[in-house]
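Below is one structure, written out as structure tokens, with a few remarks after it.
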Protein chains: 2
Amino acid sequence: MSKCESCIVKEFNSLKALTREELMRVSNCKTGKIFKKGQVVFEEGETLNGVYCVKDGVCKLTKLSENGKDQVVKLVVKGGLLGKRSLVTEQKTNLSAIALSDMEMCFIPKSEIMEDLQKNPKFTMDVLKKMAHDLKESDESLVNMAQKSVKRRMAEILMYIHDNFGTDDEDYLSIVISREDYASIVGTATESAIRILSQFKKEGIISTRGKQIRIEDYSALKWME
Amino acid sequence: MSKCESCIVKEFNSLKALTREELMRVSNCKTGKIFKKGQVVFEEGETLNGVYCVKDGVCKLTKLSENGKDQVVKLVVKGGLLGKRSLVTEQKTNLSAIALSDMEMCFIPKSEIMEDLQKNPKFTMDVLKKMAHDLKESDESLVNMAQKSVKRRMAEILMYIHDNFGTDDEDYLSIVISREDYASIVGTATESAIRILSQFKKEGIISTRGKQIRIEDYSALKWME
DNA sequence: CTAAAAATATGATATTTGTCATGTTTGTGT
DNA sequence: ACACAAACATGACAAATATCATATTTTTAG
């Protein structure tokens with residue numbers, strides 16, 4: 001397995017703040033893990049004893065609502081760390097992580113990282129920054145959920161995916177997920193999500209090929225009321 | 001002005017993790033501030049150069065949505081710190097803070113605290129924990145907004161205020177806010193908020209005296225579908 | 001104390017969104 | 001290539017919520 005020191009993925013997350021020595025230690029205790037599309041990485045209520053570093057693939061973080069429906073809280077791609085909160089608190093995780101595509105990840109035991117979190121201020125500060133960023137994003141989503149129409153939210157998630165996760169060489173969104181997942185991100189019924197995407201298609205704002213979606217008219221999404 | 005070392009309020013926030021010497025230094029550079037009900041503490045987009053420690057009163061953290069409506073993201077009371085995020089990033093604040101009652105606060109310049117954040121791991125860890133907690137709460141609110149009815153959300157905010165901020169000696173919620181604020185917390189139209197509270201009143205679940213609200217039947221709120 | 005302003009209350013109606021039913025398309029394993 | 005399951009699509013209707021209009025009550029300023 002490749003070594004953390006030379007792993008390009010870490011450049012996208014807090015691990016880059018570790019020293020070469022620390023990275024080597026982490027590298028020696030990490031374990032590579034493969035998850036197939038649909039597989040559960042961890043589930044709400046579990047005790048996590050480490051973090052996952054995403055090397056490839058996409059993953060959704062969801063929370064079960066009392067009405068029995070899952071709500072997607074965040075999408076995580078290459079470079080993302082899953083289970084950051086577990087480093088900080090003793091509490092069980094409040095989210096589930098489910099692979100949306102085949103995934104390649106490294107698991108780093110908490111015990112190994114905690115020491116660094118205590119001793120390397122640069123690393124701690126970086127974790128803190130990431131957490132602050134997540135909080136900001138979560139607050140923004142909260143406002144979106146509370147104040148915007150389902151159609152607007154759908155427009156925004158399409159732009160979000162486009163801007164943050166990019167497109168393939170034919171301009172299709174590189175993240176490919178089901179309408180059910182879109183519904184669960186936007187917080188609506190699956191039928192409503194389908195209906196809205198169909199409408200966008202009719203209006204020429206997007207086009208589709210199977211599950212793939214291509215944005216044809218970004219500014220229409222942007223200025224949609 | 002009283003000194004941080006002997007201030008009881010700090011027991012509720014991360015400042016308690018500071019050493020006696022650090023607290024004395026903080027104490028010397030802090031400034032006391034009074035805000036009247038309705039007054040703006042800071043506004044979305046401002047650059048904050050410190051944190052506010054709430055000694056008394058209630059404050060709402062809001063974010064302006066594109067539809068022109070404010071959404072309350074969090075309520076902060078005695079012991080709370082406003083502007084934590086500003087300690088961690090250079091970015092402008094993403095939230096506005098507005099006093100919901102007359103407030104007494106201490107302002108601590110960022111420059112003074114940053115040093116501690118770098119050098120006192122116990123303090124850093126505590127800030128990290130608080131941030132993780134805020135993130136968890138924000139994710140939970142997100143799911144509530146996305147998946148629950150306005151009525152349910154109203155029931156939950158009443159219980160939340162009851163459980164977290166308590167009641168006066170006549171059992172009225174100690175936080176007294178307008179229906180408009182309730183609407184802005186729950187993420188609905190003011191009329192809808194009024195209607196739902198009226199309904200609760202008719203059903204004997206709550207009673208009111210002016211703006212004050214008393215929960216008469218907690219379990220009705222809890223089990224409301 | 002009083003007038004004006006703000007907040008609360010409520011009805012009527014429009015809009016958005018959810019639910020249920022049913023049919024079609026797409027993907028998958030053999 | 002086929003059969004079956006899953007995902008997608010769409011109509012009809014129900015329920016939730018927003019909006020607009022208009023009183024009434026409460027609070028506030030002078």
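Naming: A, B, ... by sequence-line order, numbering from 1 per chain.
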Next on the checklist: A:Val41 vs A:Met105, test: side-chain contact (heavy atoms from CB on, under 4.5 Å). Steps then yes/no.
Outcome noted: CA-CA 10 Å; A:Val41 181; A:Met105 304 208 270; 3.6 Å; yes

Checklist entry - For B:Glu11, does the CD atom sit with more than 12 other heavy atoms under 6.0 Å from it, leaving out its own atoms? => result yes

Next on the checklist: How long is the straight-line distance from CD of A:Gln71 back to OG1 of A:Thr62, given to the nearest 0.5 Å?
Outcome noted: 9.0 Å

Checklist entry - Distance only, no hydrogens: is a donor on one side chain within 3.5 Å (strictly under) of an acceptor on the other, for B:Lys201 and B:Thr208? => result yes

Item to check | B:Lys63: salt bridge (Lys or Arg N to Asp or Glu O under 4.0 Å) partners, not counting sequence neighbours | outcome: B:Glu44

Checklist entry - Could you state the CZ-P distance from A:Arg209 to C:dG27, rounded to the nearest angstrom? => result 11 Å

Next on the checklist: Is it true that A:Asp139 and B:Ser138 share a donor-acceptor pair across their side chains at a distance under 3.5 Å?
Outcome noted: yes

Checklist entry - For the pair made of CE in B:Met224 and C1' in D:dA16, what is the distance, rounded to whole Å? => result 15 Å

Item to check | Under 4.0 Å protein heavy-atom contacts per nucleotide of nucleotides 2-21 of chain C, with B for base, S for backbone only and - for none | outcome: ------SBBBB----SBBB-

Checklist entry - Could you walk me through whether B:Ile215 and B:Ile205 pass the side-chain contact (heavy atoms from CB on, under 4.5 Å) check? => result CA-CA 6 Å; B:Ile215 296 179; B:Ile205 298 170; 5.6 Å; no

Checklist entry - For B:Lys110, does the NZ atom sit with more than 12 other heavy atoms under 6.0 Å from it, leaving out its own atoms? => result yes

Next on the checklist: Rounding to an integer number of Å, can you tell me how far A:Leu100 CG sits from D:dA7 P?
Outcome noted: 12 Å

Checklist outcome for this item: A:Met145 CE to D:dT17 C1', in whole Å, measures 17 Å

Checklist entry - Through what angle, rounded to 10 degrees, does the axis of the helix from C:dC1-D:dG30 to C:dT30-D:dA1 turn between its ends, using five pairs per end? => result 60°

